[in-house]
Amino acid sequence: GAGVSQTPSNKVTEKGKYVELRCDPISGHTALYWYRQSLGQGPEFLIYFQGTGAADDSGLPNDRFFAVRPEGSVSTLKIQRTERGDSAVYLCASSLGSGGSYEQYFGPGTRLTVT
Amino acid sequence: SQELEQSPQSLIVQEGKNLTINCTSSKTLYGLYWYKQKYGEGLIFLMMLQKGGEEKSHEKITAKLDEKKQQSSLHITASQPSHAGIYLCGADIQGAQKLVFGQGTRLTINP
């Protein structure tokens, strides 16, 4: 079956612009996670959804970052007034449920470059 | 400091040799995951370990969890070029329902 998909695969934007990154989880997966990976580092947690609600957004670095999942499936990560330090690969993952008992399956990521 | 420490950070081995990658947590583990990542790609799920002493194998890759030591090891037997990549351990620490990752181990296999 289809895995987690993310669009776009690459995004180049100018400092100060607004960007949206999209994640399509595996069908039937109720939990959805966003992570950010900088070069040479492991992914860092940003936010996770259980259904439509953000169950934990403690990893969002500041109020320029926001994510939604209005129908409990597709999610969009939104970044306002982008800064060069936002450049990273943004990874989305989904799982059947939340917690350590469920495998998280990752998408290919969106590489964001802020110039 | 990292909540999950991986060692070594980089590893170069000759094709056919065995190797081990370690992952140590500073906090209680509620689930330990191993992923593989190739440059520019997403994470490929390898194995999940939940119980102390648990050991799982897939093809030539074996992972073990030592709950008391809060450590996991990933062992590859008779390495092949296809094993090259970055190996990441991720953990559900203290039941937080999100994964914390190590910094990764870059594995190179020389022919």
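Here is the naming used below: chain letters follow the sequence lines, and residue numbers restart at 1 for every chain. What's counted below: heavy atoms across the whole structure, side chains too, no hydrogens, waters or symmetry copies.
- With a 4.5 Å cut-off on non-hydrogen atoms, A:Ser9 does not touch chain B at all.
- Surrounding CD of A:Glu44 are at most 12 heavy atoms belonging to other residues, nucleotides or ligands under 6.0 Å away.
- In the displayed structure, A:Lys11 atom NZ is contacted under 6.0 Å by at most 12 heavy atoms of other residues, nucleotides or ligands.
- Contact between A:Tyr102 and B:Tyr33 at its shortest, heavy atoms only, is O-OH, 2.5 Å.
- When every heavy atom of A:Gly42 is checked against every heavy atom of B:Leu88, the shortest pair comes out as CA-CD2, 3.8 Å.
- Heavy-atom distances place no part of B:Gln9 under 4.5 Å from chain A, backbone and side chain included.
- At a threshold of 4.5 Å between side-chain heavy atoms, the hydrophobic network of Ile, Leu, Val, Met, Phe, Trp and Tyr places A:Leu77 and A:Leu32 in one connected group.
- Separation of atoms CD1 (B:Ile86) and CD (A:Gln41) is listed at 11.0 Å; rounding is to 0.5 Å.
- With hydrophobic clusters built from ILVMFWY side chains whose heavy atoms lie under 4.5 angstrom apart, A:Tyr105 shares a cluster with A:Phe45.
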Pair A:Tyr35-B:Leu99, side-chain contact (heavy atoms from CB on, under 4.5 Å): steps then yes or no: CA-CA 9 Å; A:Tyr35 294 85; B:Leu99 295 185; 3.3 Å; yes
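- B:Leu74 and B:Leu11 fall within the same hydrophobic cluster, where Ile, Leu, Val, Met, Phe, Trp and Tyr residues are linked whenever their side-chain heavy atoms come under 4.5 Å apart, directly or through other members.
- Summarising the geometry, atom CZ belonging to B:Phe45 is positioned 10.0 Å from atom CD belonging to A:Gln104; distances are rounded to the nearest 0.5 Å.
- Proximity to chain A (any heavy atom under 4.5 Å) is shown, for B:Leu43, by both the backbone and the side chain.
- Both A:Phe49 and A:Leu46 are members of a single hydrophobic cluster when ILVMFWY side chains are connected at heavy-atom separations under 4.5 Å.
- If you measure heavy-atom distances from A:Gln37 to chain B, the contacts under 4.5 Å come from the side chain alone.
- Residues in residues 77-98 of chain A take part in these salt bridge (charged side-chain N to carboxylate O under 4.0 Å, His left out) pairs, two or more places apart or across chains: A:Arg64-A:Glu83, A:Arg64-A:Asp86.
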